[in-house]
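Below you'll find the structure, written out as structure tokens, and then a few comments.
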Amino acid sequence: MKIDRMRVFMTRDKDRPRVIVALDTDDGLTGWGECYNHGPDKALPPLLDYLYAFVAGQDPTRVDYLVNLLIQQSRFPPGALGLAAISALDHCLWDLAAKAANVPVYKLLGGEVRDRIKVYAGVYTAPDAPAARDEFDRLKEGWGFTAFKLSPWRIDMHANRWGNVVKASADYFRSLRETVNDEYEIAFDAHAKIFEPIAARQLGNALAPYDPLFFEEPLRPENIEAWGDLKQGLNCVLATGESLYSRNEFLRLLQVKGADLIQPDICVVGGISEMRRIATLAEAFFVGVAPHNPMGPLATAVNVHFSAAAQNFRILEYRLPKGQAYVYGGNDIEKREGETRYVVDPYLPKDGYLELRPDRPGWGVEMDEKAMEEEGYIHWQRRVPKRPDGSYAFA
């Protein structure tokens, strides 16, 4: 079996663009992968064309061998775009290797250590407590969700005194606890908007009395030592890692004791191969893994197999393929709806979990190439806020 063709689809997932990759073999198998592309997505197809030359004609079951070649050939460590492209190719190789063996991917990773994958629903805004209660209850009734993620920002962090921003967030979480079902777990994603570690600590400790599931990414990722400083004196679970790219960066984060929970992205770090190494490092530090997963239903399928085989997996971020679009920030429940069509049979929650598919080889999903072509490309770019003085703030 040899790789003899690559196809790249520029398609959409509700209101977001997606870059989906297919690797075909000379004996008729196809492996599928997804790039991380919340950025310059049109730069990925030519980069994938370049990387394909390194795997063309190769045996796809030599996954680690080929992924190591893709990483080493760049000479310097590949950055965001390079690793996003390598991630998708890594996914394709694992899918092909498992299909060749006629087993689910998780069987090639040592087998499942759990029977189902716990997920949380991303709501991503900070709606009033009654509206949040209604949304949580709707998601619980429909899909069994008992864990949710919100924004902590109730007022503009740039236009208000910081003490009032912190107080508004604390008052908000208290009102949530007084309003929603007591069994619900609630996480908060600060979206890397805070510059100073002391300010991040103030916000986290204001939320702490109301038991957040975790406090996610308050700081930018560049200064890893600052995360170690932040965690000292922080009284809630600190989660981060979606903006880190390799086992080396995660090792440094773990060495400075900068997180209680890490959130690598399987479409960012180089695929499931690198994700497993990162998880093993975290396990040695007694740190759990809650994968960052804002992408489409194919990325979710890849995450299911990683999560099934990772001892220190905790919970997976999840977006329903049909329903509200993904928007971060603000105080409203997102009303715009959409549907993602390129996965025919996506993993859907039952009682708040994704069930494994032991009778399905590879990722266990069927792709719809016609839907990808019909949906086509949609442009998206990140909104960068401005402070009152006219300077740009963190997005």
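- Ion pair E355/R357 not flagged as a salt bridge, since none of the NZ, NE, NH1 or NH2 atoms sits closer than 4.0 Å to an Asp/Glu carboxylate oxygen.
- E334 places a side-chain N or O within 3.5 Å of a backbone atom of R336 that can act as its donor or acceptor partner.
- Under a hydrophobic-cluster definition in which Ile, Leu, Val, Met, Phe, Trp and Tyr are linked whenever side-chain heavy atoms come within less than 4.5 Å, directly or via other members, L261 and V268 are assigned to different clusters.
- A salt bridge links R277 with D64; the closest basic N to acidic carboxylate O contact falls under 4.0 Å.
- Residue R138 places its CZ atom among more than 12 non-hydrogen atoms of other residues, nucleotides or ligands, all under 6.0 Å distant.
- In terms of modelled atom types and a separation under 3.5 Å, the side chain of R177 and the main chain of Y172 share no donor-acceptor contact.
- The pair E217-K193 does not count as a salt bridge, with every side-chain nitrogen at least 4.0 angstrom from each carboxylate oxygen.
- Of the candidates F148, Y120, F145, F136 forms a ring pair (Phe, Tyr, Trp, His ring centres under 6.0 Å) with just one, namely F148.
- Distance alone, capped at 3.5 Å, places no donor-acceptor pair between the D368 side chain and the V343 backbone.
- Within the 3.5 Å criterion, the main-chain N or O of P17 finds a donor-acceptor partner in the side chain of N37.
- Salt-bridge formation is not detected for the pair E337/K14: no Lys NZ or Arg NE/NH1/NH2 atom is positioned less than 4.0 Å from an Asp or Glu carboxylate oxygen.
- Judged purely by distance below 3.5 Å, without hydrogens or angles, the side chains of Y184 and D137 pair a donor atom with an acceptor atom.
- Contact between A199 and I194 at its shortest, heavy atoms only, is CB-CG2, 3.7 Å.
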- [ ] Could you go through the salt bridge (Lys or Arg N to Asp or Glu O under 4.0 Å) check for R360 and E366 one step at a time?
- [x] CA-CA 10 Å; R360 303 280 296 273; E366 179 185 347; 5.5 Å; no
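- Electrostatic pairing of K99 and D95 counts as a salt bridge here, judged by a charged N lying under 4.0 Å from a carboxylate O.
- Using a 4.5 Å cut-off between side-chain heavy atoms of Ile, Leu, Val, Met, Phe, Trp and Tyr, with links allowed through other members, F9 and M6 fall into the same hydrophobic cluster.
- Here the side chain of T179 pairs a donor or acceptor atom with the backbone of S175 at under 3.5 angstrom.
- A donor-acceptor contact closer than 3.5 angstrom is absent between the side chains of Q311 and E283.
- Using modelled atom types, one side-chain atom of W363 and one backbone atom of W32 make a donor-acceptor pair closer than 3.5 Å.
- Shortest non-hydrogen contact noted between A84 and L44 is CB-CD2, 4.2 Å.
- Counted by atom type alone, S273 and W94 present one or more donor-acceptor pairs between their side chains at under 3.5 Å.
- Between the side chain of H305 and the main chain of Y106, a donor-acceptor pair closer than 3.5 Å is present.
- Other residues, nucleotides and ligands contribute only 12 or fewer heavy atoms inside 6.0 Å of the CG atom of D182.
- Hydrophobic cluster membership is shared by V67 and Y52, with clusters built from Ile, Leu, Val, Met, Phe, Trp and Tyr side chains linked at under 4.5 angstrom.
- Comment: R154 engages D128 in a salt bridge, judged by a side-chain N to carboxylate O separation of less than 4.0 angstrom.
- Electrostatic pairing of D229 and R201 does not count as a salt bridge here, judged by no charged N lying under 4.0 Å from a carboxylate O.
- A distance-only check finds a donor-acceptor pair linking the side chain of N303 to the backbone of A299 [under 3.5 Å].
- A salt bridge does not link K2 with D59: every distance from a Lys NZ or Arg NE/NH1/NH2 to an Asp or Glu carboxylate oxygen is 4.0 Å or more.
- For K386, there are no salt bridge (Lys or Arg N to Asp or Glu O under 4.0 Å) partners, not counting sequence neighbours.
- Ring centroid separation for the pair F188 and F173 comes in under the 6.0 Å cut-off.
- By the salt bridge (Lys or Arg N to Asp or Glu O under 4.0 Å) test, R319 is found to be paired with D13, residues two or more places apart in sequence or in another chain being considered.
- Criterion: ILVMFWY side-chain heavy atoms under 4.5 Å apart, direct or through other members. Under it, V123 and L213 are not part of a common hydrophobic cluster.
- Here the side chain of E135 pairs no donor or acceptor atom with the backbone of A132 at under 3.5 angstrom.
- Here the shortest heavy-atom pairing between T11 and E375 reads OG1-CB, 3.7 Å.
- E185 and T146 form no side-chain donor-acceptor contact under 3.5 Å, judged by distance and modelled atom types alone.
- Judged by the 6.0 Å and 45° rule, R18 forms no cation-pi pair with Y342.
- A donor-acceptor contact closer than 3.5 angstrom links the side chains of N293 and T300.
- Proximity of a side-chain donor or acceptor of N312 to a complementary backbone N or O of A279 within less than 3.5 Å is detected.
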